[in-house]
Amino acid sequence: MTLTTAHSDEPTVPDPATLADLRGDGDDAEAVGRGEVRAGAVGAALAGPLVSTQWLCDHLGSDGLLVIDATVVAVSGADGRTEYVSGIGRHGEGHVPGAVFADLLERFSDPAAPFPFTRPGAEAFAAAAAALGVDADTTVVVYDGAVGQWASRLWWLFRSFGHDRVAVLDGGVTKWREEGRPVEPGPVTPAPSTDFVSAEQPGFWSDRGEVEALLAGDRPGTLVCGTAPKDFAARHIPGSVSAPAVRLVDRGSNAFLPAAELHDLFADVLTSPTPSSRTAAAGSRRRPTPSPWHCSGATT
């Protein structure tokens, strides 16, 4: 992982001994210095779509690991509807050490599209990812300052464009802070890569025709909406099932609930005659007018 402090535009690599102290294992210092913590090794450690705060603490600073803050901030519009603005301000107030910021509203969406959060094309996505420092061998951990929906969106985008070495930080920066782990203020200047290529993968997205066919009963599936209950009540696609993202996490830590509780929350989806699902989330937007550290705190 390459870091840039707020005091310089030149990327800097954390001292190996400092990283070893961060992980609480002095024996790792020499290995880190030799570059033996490689991207492949970190990627192989991704056992699923989520990583814990302790996992990130143990691997933070490893070569080939990039942490991305994907925070988007919800605000109330003039008409009372929820709108969304960039989370760059929140990022500047404090972020996981070394984390770069991803602009989901502009760089990782199609800003020219008539609807917000329209996915970008493969070329635009590749350019946005490369600008953050992602290459073919990078292991990406994404988090946000909400309940994980923005990190999950970017996780999905990476996978839909062929980059599977990606996971979401369970609990995001909320859980990270709750455990007393360090945060850094100010921006982190990415070290762009030059060899990231994306290719759209089949099966990740549905278009309007597919949704209409699903609702008409001409194809199997259940339409699931993850917006907040008040937004779902105000407007949603007829026939869709509400599964608010905010109810999928612990209210204190923002970590995902245990599998049994999630199973109960998704009962309407799982008991559907055609449980294959498609998700939808509507939104609107308003355009928005470093120091030594160690990683401590409770384990997960």
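Counting begins at 1 with the first residue of the sequence.
Taken to the nearest 0.5 Å, the CZ atom of F158 stands 8.5 Å off from the OG1 atom of T138. Atom CD of E212 sits about 11.0 Å away from atom CD of E210, to the nearest 0.5 Å. Interatomic distance, CZ of R219 versus OG of S206, reported as 5.5 Å (0.5 Å rounding). Remark: W155 CH2 to S160 OG distance equals 10.5 Å, nearest 0.5 Å. Rounded to the nearest 0.5 Å, atoms CG (L157) and NE2 (H163) are 12.5 Å apart.
Looking at every heavy atom in both residues, V73 comes nearest to S86 through CG2-O, 4.1 Å. Across all non-hydrogen atoms, the minimal contact from R119 to R153 is N-NH2, 4.0 Å. Counting all heavy atoms, side chain and backbone alike, V173 lies closest to G145 at CG1-CA, 3.7 Å. A245 and Q149 make their closest contact through CB-CB, 4.3 Å (heavy atoms, listed as atom of the first residue, atom of the second, distance).
By the side-chain hydrogen bond (donor to acceptor under 3.5 Å, both in side chains) test, R90 pairs with no residue at all, sequence neighbours left out. A search for side-chain hydrogen bond (donor to acceptor under 3.5 Å, both in side chains) contacts involving E93 returns nothing, not counting sequence neighbours.
Counting heavy atoms from C-beta on, the side chains of T53 and L169 come closer than 4.5 Å. Side-chain atoms of F161 and E200, non-hydrogen and from C-beta on, do get closer than 4.5 Å to each other. Using a 4.5 Å heavy-atom cutoff, the side chains of L270 and H263 are in contact. With a 4.5 Å cut-off on side-chain heavy atoms, R247 and P229 count as touching. W176 places a side-chain heavy atom less than 4.5 Å from the side chain of L56.
Residues F232 and L223 do not share a hydrophobic cluster, defined by chaining ILVMFWY side chains whose heavy atoms lie under 4.5 Å apart. Under the 4.5 Å side-chain heavy-atom criterion for ILVMFWY residues, no single connected hydrophobic cluster contains both I88 and L105. Hydrophobic cluster membership is shared by L50 and L262, with clusters built from Ile, Leu, Val, Met, Phe, Trp and Tyr side chains linked at under 4.5 angstrom. Using a 4.5 Å cut-off between side-chain heavy atoms of Ile, Leu, Val, Met, Phe, Trp and Tyr, with links allowed through other members, F266 and F256 fall into the same hydrophobic cluster. When the side chains of ILVMFWY residues are joined at heavy-atom separations under 4.5 Å, either directly or via intervening members, F204 and L104 end up in a single hydrophobic cluster.
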Taking it one step at a time, do H95 and D69 satisfy side chain to side chain donor-acceptor pair (under 3.5 Å)?
CA-CA 7 Å; H95 52 78; D69 180 351; over 6 Å; no

Step-by-step side chain to side chain donor-acceptor pair (under 3.5 Å) determination, N254 to T174
CA-CA 7 Å; N254 280 356; T174 299; 3.2 Å; yes

Distance-only check: which donor-acceptor pairs under 3.5 Å involve side-chain atoms of residues 122-134, not counting sequence neighbours?
none

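Under the 30°/60° scheme for interplanar angles, the aromatic rings of Y84 and F117 are found to stand perpendicular. In this structure, F101 and H91 have tilted ring planes: the angle between them lies in the 30° to 60° band.
Tested against T139, the residues V166, L66, L46 include a single side chain to side chain contact (heavy atoms under 4.5 Å, CB included) partner, L46.
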